[in-house]
Amino acid sequence: MVNGVYKKTMSEKKFTIKLDALTDNLPKVLEFVDGILEEAGCSMKSQMQIDISVEEIFVNIANYAYNPKTGEAEVSVELGEDDAEVTVVLKDSGMPYNPLEKEDPDITLSAEERGIGGLGIFMTKKSMDDVIYEHKDGFNILKLKKKLK
C-alpha cells in the first residue's frame, strides 16, 4: 500500500485500487470509480446507481467483513467493449458472506415493520443489470455489472 492507504494499478480497461476497509476511505473509493465512469461517458443516472451500490457494498465490507479488526478491500472497475458496460468488483478476505442469499425485504411494509438490514443489497440488485457473488481462494468477490449505453 502506498502511504498506508491505497495502491492503484491499471491495465488496458481495468483499473484497481486497494485500500483499508474503513468507512473513512469511502470518498476515495467513490472518487476512483467516478473518475473512470466520467472518462467513459457514463450517464449521471447510471453513475448514481453504481455509486449507491458501491457505497452499500464497501460500507458493509468495512463494518462486517473483518469485525472487530480491519482488513483490506480491493475495488476494480473494468470497462467493456466501446465502454458500453462496466463491471465493478469488490473483493475482501474477510469472513465469507454472500449478501445475495439474504431474503429481499418486504418493501410494502413501513420502515418500523420491516426491520433493519437488507435494503441496500435489495437496491443494488434492482439497479444493476447483474450482481454475482463468489467465494474463491479465501476471498469474497462481488461483481456489479451495468450497461452504460
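For the single chain, residues carry numbers from 1 onward in sequence order.
Closest non-hydrogen pair, Y133 versus Y97, comes out as CE1-O, 3.0 Å. Closest approach of I61 and A21 over heavy atoms only: CG2-CB, 3.8 Å. Residues V131 and K125 come closest through the heavy atom pair CG2-CA, 4.0 Å.
Heavy-atom neighbours of E134 CD from other residues, nucleotides or ligands within 6.0 Å: above the threshold of 12.
In this structure, I132 is not a member of the same hydrophobic cluster as L90, with clusters built from ILVMFWY side-chain heavy atoms closer than 4.5 Å. A single hydrophobic cluster is seen to contain both V59 and L142, as judged by linkage of ILVMFWY side chains at heavy-atom distances under 4.5 Å, directly or through other members. I141 and F32 are members of different hydrophobic clusters when ILVMFWY side chains are connected at heavy-atom separations under 4.5 Å.
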Quiz item: Step by step, would you call T23 with L26 a side chain to side chain contact (heavy atoms under 4.5 Å, CB included)?
Solution: CA-CA 5 Å; T23 55; L26 178 62; 5.5 Å; no

Exercise. Any chance you could lay out the side chain to side chain contact (heavy atoms under 4.5 Å, CB included) test for I57 and I121, step after step, and finish with the verdict?
Key: CA-CA 8 Å; I57 304 307; I121 193 67; 3.6 Å; yes

Practice problem: Go through the steps to decide whether E74 and T16 satisfy the test side chain to side chain contact (heavy atoms under 4.5 Å, CB included), and finish with yes or no. | Solution: CA-CA 7 Å; E74 179 178 299; T16 301; 3.5 Å; yes

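Using a 4.5 Å heavy-atom threshold, the side chains of K14 and S76 count as touching. A heavy-atom distance below 4.5 Å is not found between the side chains of L144 and V86. Contact of the V88 side chain with the M128 side chain is not registered, since no non-hydrogen atoms from C-beta on lie closer than 4.5 Å. Put simply, the side chain of P99 does not reach to within 4.5 Å of the side chain of N60, judged on heavy atoms.
Once rounded to the nearest 0.5 Å, the distance linking CG of D130 with NZ of K143 reads 10.0 Å. Here CG of L22 is found 7.0 Å from CZ of F58. Values are rounded to the nearest 0.5 Å. With rounding to the nearest 0.5 angstrom, the CG atom of N25 is 6.0 Å from the CG atom of D20. M48 CE to E55 CD: the interatomic distance, rounded to the nearest 0.5 Å, is 11.5 Å. The line from NZ of K145 to CD of E85 is 6.0 Å long, rounded to the nearest 0.5 Å. Here the CD1-CG distance, from I50 to L30, works out to 11.5 Å after rounding to the nearest 0.5 Å.
Under the 3.5 Å distance criterion, the side-chain polar atoms of Y66 are matched with a main-chain donor or acceptor of S93. Distance alone, capped at 3.5 Å, is enough to place a donor-acceptor pair between the D92 side chain and the G94 backbone. Judged by distance alone, the side chain of N140 and the main-chain N or O of N98 form no donor-acceptor pair under 3.5 Å.
When K13, K147, K146 are each tested for a salt bridge (charged side-chain N to carboxylate O under 4.0 Å, His left out) with D83, only one passes: K13.
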